[in-house]
Amino acid sequence: MTKIALIGNPNTGKTSLFNELTGSYEYVGNWSGVTVEQKIGRIRNNKRIIIIDLPGVYSLSPISKDEEVVSTFFINQSFTGVLNIVDASQLERNLHLTIQLLEYGKPLIVALNMMDVAQRRGIHIDVYQLSKQLGVSVVPIVARTGDGCQELVEEVDGLKGHNRRNFTIDYGEVVERGIQKISELLDKNPTHCPYARWLAIQFFEGNPVVKSYIEQSVDLEELKEIMEEVAGKIDSPLSEYIYTVRSEKIEKIVSSTLSKTRNQAETLS
Ligand code: GDP
Ligand code: K
Ligand code: MG
């Protein structure tokens, strides 16, 4: 059984895509002590693939209820991979979440939605280049009409075998050393954590779900020391620092993949 988590920013067409892929859905009740209803469906022509619909979020932290649900899911649930829906007409903004999902390290596919909107606005995205930069498959779609969704299903079907992504941002010497130290702390824990890097980055960003998870797993004194050492050497608040480094990377990705032609409205004005 392949279990895929569907995640994206609000209003990117998540519900449209979910309905397009599954045809129908079923609600299931609580999981892992979190009192939210989780929407789950099976892919129409491939019942071995389950899609789990998660709330729309711009980021994994700071935390609102929806971000808490997504972060908790990432810590507590077992799943095969992530289907990240991205609004092609808002690429730069959407990539902040994509990068946090890539940092988790599970197989991931980008469904590049709203291709019709992007086109109308004169936005051209080099899908091949974007896929290369992110290290994962990118499938252009129009969820409203179902365009590209068959290709997407085929990619999702092949997710388990290949698609081991290799995407890392270098957060600079100080933060990287902090990440390394937190990973080592987590490694002392008998339950080996395969996503220690993600936990460390989210911890530095101030994700409270991740914070309480880490605090349950490691020596608090050592954790505090690492945090103080890193924070003391960075001029801005750590969360801001990480956001800035990420934004710079996103800017590079966008400038090498996206071009704009003057659209109708601009030509007339
Ligand atoms: P969600 O908030 O992410 O669940 O997004 P919805 O599925 O509710 O979609 C938000 C709006 O965008 C709705 O009006 C959809 O009909 C529309 N929409 C979704 N996908 C597309 C698309 O590919 N192209 C266009 N033009 N509209 C879309
Ligand atoms: K909506
Ligand atoms: Mg929705």
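One-based numbering, in listed order, for ligands and for the atoms of each. Quick caveat: nothing in here was measured; it's all calculated off a predicted structure. As a basis for the values below, the full set of heavy atoms in this structure was taken, side chains included, without hydrogen atoms, waters or symmetry mates.
- The salt bridge (Lys or Arg N to Asp or Glu O under 4.0 Å) test with Lys181 is passed by exactly one of Glu229, Glu176, Glu228, Glu225: Glu229.
- The atoms of ligand 1 that sit less than 4.0 Å from any heavy atom of Ser16 are 6 (P), 7 (O), 9 (O), 15 (C), 19 (C).
- By the criterion of a heavy-atom distance under 4.0 Å, the side chain of Asn113, and not its backbone, is placed next to ligand 1.
- Evaluation of the salt bridge (charged side-chain N to carboxylate O under 4.0 Å, His left out) test over residues 11-22, restricted to residues two or more places apart or in two chains, returns Lys14-Asp53.
- The distance from the Mg ion (ligand 3) to the nearest N/O/S atom of Thr15 is under 2.8 Å.
- In this comparison of Arg120, Gln119, Met114, the heavy atom closest to atom 21 (C) of ligand 1 sits on Met114.
- Under the side chain to side chain contact (heavy atoms under 4.5 Å, CB included) rule, Ile109 has a single partner from Ile4, Ile85, Leu152, which is Leu152.
- Remark: aromatic rings of Phe73 and Phe79 are close, center separation under 6.0 Å.
- Contacts with ligand 1 closer than 4.0 Å are made by side-chain heavy atoms of Asp116 only, the backbone lying farther away.
- Taking each of Ile85, Val142, Thr15 in turn, the one with a heavy atom nearest to atom 8 (O) of ligand 1 proves to be Thr15.
- Taking distance alone, with nitrogen or oxygen atoms compared against 3.5 Å, Gly13 approaches ligand 1 more closely than that limit.
- Those atoms of ligand 1 that come under 4.0 Å of a heavy atom in Lys14, given as number and element, are 1 (P), 3 (O), 4 (O), 5 (O), 7 (O).
- Glu222 pairs by the salt bridge (charged side-chain N to carboxylate O under 4.0 Å, His left out) definition with Lys188, not counting sequence neighbours.
- The environment of OH in Tyr195 is crowded: more than 12 heavy-atom neighbours from other residues, nucleotides or ligands sit within 6.0 Å.
- Below 3.5 Å of separation, one finds an N or O of Ala143 facing an N or O of ligand 1.
- Donor-acceptor pairing under 3.5 Å is recorded for the side chains of Gln100 and Ser59.
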